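Shown next, in structure tokens, is the structure this report addresses.
Given the structure is predicted, the values throughout are model-derived calculations rather than measurements. Below, chain A is the first sequence line, B the second, and so on; all start at residue 1.
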There are 4 protein chains.
Amino acid sequence: MADHTPPPRTPDDSRRPDVSRRSEKSRRAIYEAALSLVVELGYPKTTIEGIAARAGVGKQTIYRWWSSKADVLLEAFLDLGDQAARAAEEAGYAGEREPYAIADTGDLAADLKGVLRATVDELLDPKYDRPYRALAAEGVVDEELGRTFVAKLLEPSLQLYVDRLRAAQEAGQVRPEVDPRIALELFVSPLAQRWLQRTAPISHAYTDTLVDYALNGLAPR
Amino acid sequence: MADHTPPPRTPDDSRRPDVSRRSEKSRRAIYEAALSLVVELGYPKTTIEGIAARAGVGKQTIYRWWSSKADVLLEAFLDLGDQAARAAEEAGYAGEREPYAIADTGDLAADLKGVLRATVDELLDPKYDRPYRALAAEGVVDEELGRTFVAKLLEPSLQLYVDRLRAAQEAGQVRPEVDPRIALELFVSPLAQRWLQRTAPISHAYTDTLVDYALNGLAPR
Amino acid sequence: MADHTPPPRTPDDSRRPDVSRRSEKSRRAIYEAALSLVVELGYPKTTIEGIAARAGVGKQTIYRWWSSKADVLLEAFLDLGDQAARAAEEAGYAGEREPYAIADTGDLAADLKGVLRATVDELLDPKYDRPYRALAAEGVVDEELGRTFVAKLLEPSLQLYVDRLRAAQEAGQVRPEVDPRIALELFVSPLAQRWLQRTAPISHAYTDTLVDYALNGLAPR
Amino acid sequence: MADHTPPPRTPDDSRRPDVSRRSEKSRRAIYEAALSLVVELGYPKTTIEGIAARAGVGKQTIYRWWSSKADVLLEAFLDLGDQAARAAEEAGYAGEREPYAIADTGDLAADLKGVLRATVDELLDPKYDRPYRALAAEGVVDEELGRTFVAKLLEPSLQLYVDRLRAAQEAGQVRPEVDPRIALELFVSPLAQRWLQRTAPISHAYTDTLVDYALNGLAPR
DNA sequence: GATTAATCGAGACGGTACGTCTAGTCTTTAC
DNA sequence: GTAAAGACTAGACGTACCGTCTCGATTAATC
């Protein structure tokens, strides 16, 4: 996963604050405050004033570096991922939380079921659920945030499925005319919708079934 | 589609306002104001004060009958559906806006593609898109509203797919062991996610492809 | 003391409600509710809705017969006086609560001290203090109510002092060129101001002193 | 007259706003708005929202520094006095609007008549009458405000009478056993009551008469 | 190591909207 | 037709946050 620390601003950007002088301590405190408040109170009751107060930070420090509550939370959440990835790496762990590729054991169905099971576990963990859900909701209504959310969080993960499906196509396990970018939605989107909209419960059995249906189709063979 | 007018309260409901004295004119005006404001300004900039002002109504009249902005919008949207349904019926129109069943011509793929194309058209119409999206977003974060949203708006439509799929099963066009409630998600959820999260554009060609993939599966036959 | 029951409206007053059909029970209940609420909550927290609720009466019944909260309280207070007077009469009591004349024992100073002591006692009784004070305050700011308050409550009492002082003049105890209407203010107004504005405490000793100073003057004789 | 600018808060007063950061411009604008609105609309129709709007100030700025509408008006009125006093001083004027002492020409009656005539003029000036009356009325009913009103506005003026009367006592023009604090009420309170309660008109002739009666007494000499 | 300039915590500011309360009017049903 | 009941429009209340602004007090880079 890419490091989401905001890149150093160009020096000609005269109105922007000087990134080199930025307080790392405050940044961390704001991330933690934002995430914990969203978990405790939910997104709508989390306020910028509240984040500033809990972080022991002036409001202006937030407004200086972020454009909105959603923006803070998005970065905080991205940072959470980076942290986890970094922690995994440091533990000498080869397969970190969000790997750069889906395992390819030759058995497409098993590989897909594996990742989806891991995703289910993550979605059921309140630590991820609350802020992730809050961001998703905001992105539904706020187009700009939504696009950022998709580009930075969703799309990279989906690309992994594209890669795996393409490999399967080359191995003759998926029909060559199938568009992988659409194909992945057959099992990813149902999970996403059940989780986001609570249309029905999610489980390992459920995602397993999705993979089976998607690979074999509904019509009799 | 069911009539969503709130049912008369039981007489023992002592603290609640008297439904029989409710002003129908104000109710209608509030629905219209809420929907038009959401379309014009978007959900977050739509305020209860604004709705009251545009509807020519006291704020208390809104607070008396609804618990939140989302609640107003949900009922307004449900009412919109009822109105459309009623209008269709009055026009002696057999196939109303949201039919009680998906057409069954014997050709499952064609029938599914037909409904999905209609859904795509609806989702691309700003008149529906804006409020629907706002409600969906709120439902993502507010569990109670979310469940109501799903129960009253989403689930009834999904049930139509269940029915059509079951008919197809009986006709031997869908494998008998397939669970229709899950099967329908193979083509419905991808569309939902693309629309809600803007992960990619939606079109008739896209939904047609979804139906083909779902029915035939991704694996070679 | 005059009976303060509002006089029957003239029949040509077409917009006014029909007095002959007025509910006496409601009127009494409103008076009692108004007075008790003012005593309990104070004037500003006493609301028309509150009076109606406690009296078991519709709001419109109050608006039909009175023009304002102050108006209700004024009549309620006048009625309180009437009731007391009537009660006194019925008890065969010659000297009722508010007599038609100040006693004339020949000793002007003693007579004045007597009435003033009685007045002090009344002003210290919360039952009278609270509503009386509320009315006075409202009258300070609302000129119309103020004039009614003075005409119906204050002036009749002051007239008794005028009468007593004139008698004293005829008896040669007060200089003939003195204007009794002004003279009475020398001892009545100080008491009124101390009570109304709380500039200093009131007591029998205080009013006794006032009478002495007023009769003998401040300058050495 | 003392300067009524609120004193700097003690540093241990942890929850209170920081006085040193207070906007002087807003304070002035609020005073002016409050006074002008009371003159134009009267006290009851003057609202905090109205004051904020006319002053071009957020409501919270009022609530931050004052506890009630009456509190705002009281300070505004005190400030009005301070301003007048300051203006007088700056004009090199020895005898400012509200002098620190009542003139002592040796003629007690004349001196008293002088101040009282000036007071009558002030009470008849709508610029002072309206807010002063509003505050007095509120003080009648709201004990806390009443005590502040008396302590800051009324008592300092009354003290001047006490001083003058004591001087007169030493000069043998007033009986030594007379209590000046009570004596002054013989001419001050009647004027106050006529003005406050509108029991009768006020004029220079009237206050002259009051002084004569009070000094010489009503009884024949 | 001293200078200097930007960031920092803090919080007052002008505003907007909240959800509540009451005013005074209007409507319905019962007597 | 008056009454009780209570829903209605209207708008002020006092609170909570918004996003901007100023204020010293750090603090980090430059001299």
Q) Looking at side-chain heavy atoms only, is the closest gap between B:Ser23 and B:Thr61 below 4.5 Å? A)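 Result no, sub-4.5 Å side-chain heavy-atom pair not found.
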
Q: Indicate yes or no: at least one non-hydrogen side-chain atom of C:Arg22 is less than 4.5 angstrom from one of C:Trp65.
A: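 Of all side-chain heavy-atom pairs linking C:Trp65 with C:Arg22, at least one is under 4.5 Å.
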
Q) Which part of the nucleic acid, if any, lies within reach of B:Thr61 when heavy atoms closer than 4.0 Å are counted: base, sugar-phosphate only, or nothing? A)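 The residue B:Thr61 makes base contact.
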
Please give, in whole Å, the distance from [N] [atom2] to [X] [atom1]?
X: C:Arg27; N: F:dA4; atom1: CZ; atom2: P; result: 14 Å
X: B:Trp65; N: E:dG19; atom1: CH2; atom2: P; result: 18 Å
X: D:Arg64; N: E:dA10; atom1: CZ; atom2: P; result: 17 Å
X: B:Ile30; N: F:dA7; atom1: CD1; atom2: P; result: 14 Å
X: D:Asp71; N: F:dG14; atom1: CG; atom2: P; result: 12 Å
X: D:Ile62; N: F:dC13; atom1: CD1; atom2: P; result: 9 Å
X: A:Lys69; N: F:dG19; atom1: NZ; atom2: P; result: 9 Å
X: B:Asp18; N: F:dC8; atom1: CG; atom2: C1'; result: 13 Å

(Q) I need the full list of salt bridge (Lys or Arg N to Asp or Glu O under 4.0 Å) pairs touching residues 36-46 of chain A, with sequence neighbours left out, sorted by first then second residue. (A)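 Output for this query lists A:Glu40-A:Arg54.
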
Q. Reckon B:Ser26 has a side-chain N or O less than 4.0 Å from the OP1 or OP2 of F:dT9?
A.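 Answer yes for this pair, as a side-chain N or O of B:Ser26 is under 4.0 Å from OP1 or OP2.
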
Q: Could you say whether C:Thr46 or A:Val57 is positioned toward the 5' end of DNA chain E, judged by the nucleotide with the nearest heavy atom to each?
A: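 In this pair, the answer is A:Val57.
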
(Q) For the CD atom of D:Glu75 and the CH2 atom of D:Trp66, what is their distance to the nearest 0.5 Å? (A)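 The CH2 atom of D:Trp66 is 6.0 Å from CD of D:Glu75, to the nearest 0.5 Å.
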
Q) Which residue, C:Gly58 or D:Ser67, contacts DNA chain F at a nucleotide closer to its 5' end, judged by nearest heavy atom? A)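 Closest to the 5' end, via its nearest nucleotide, is C:Gly58.
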
Q: Sugar-phosphate atoms are those with a prime plus P, OP1 and OP2; base atoms are the rest. Using that split, label each nucleotide of nucleotides 20-31 of chain F B, S or - for protein heavy atoms under 4.0 Å, 5' to 3'.
A: BB-B----BS--

Considering non-hydrogen atoms only, spot the tightest contact between [X] and [Y] and give its length.
X: B:Val140; Y: A:Ala137; answer: CG1-CB, 3.7 Å
X: B:Ile30; Y: B:Val72; answer: CG2-CG1, 3.8 Å
X: D:Ser68; Y: D:Ile48; answer: C-CD1, 4.4 Å
X: C:Ile51; Y: C:Ile62; answer: CG2-CD1, 3.8 Å
X: D:Lys69; Y: D:Tyr43; answer: NZ-O, 3.1 Å

Q. Listed in order of residue number, which residues of residues 47-55 of chain B have a non-hydrogen atom at under 4.0 Å from DNA chain E?
A.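 Contacting residues: B:Thr47, B:Ile48, B:Glu49.
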
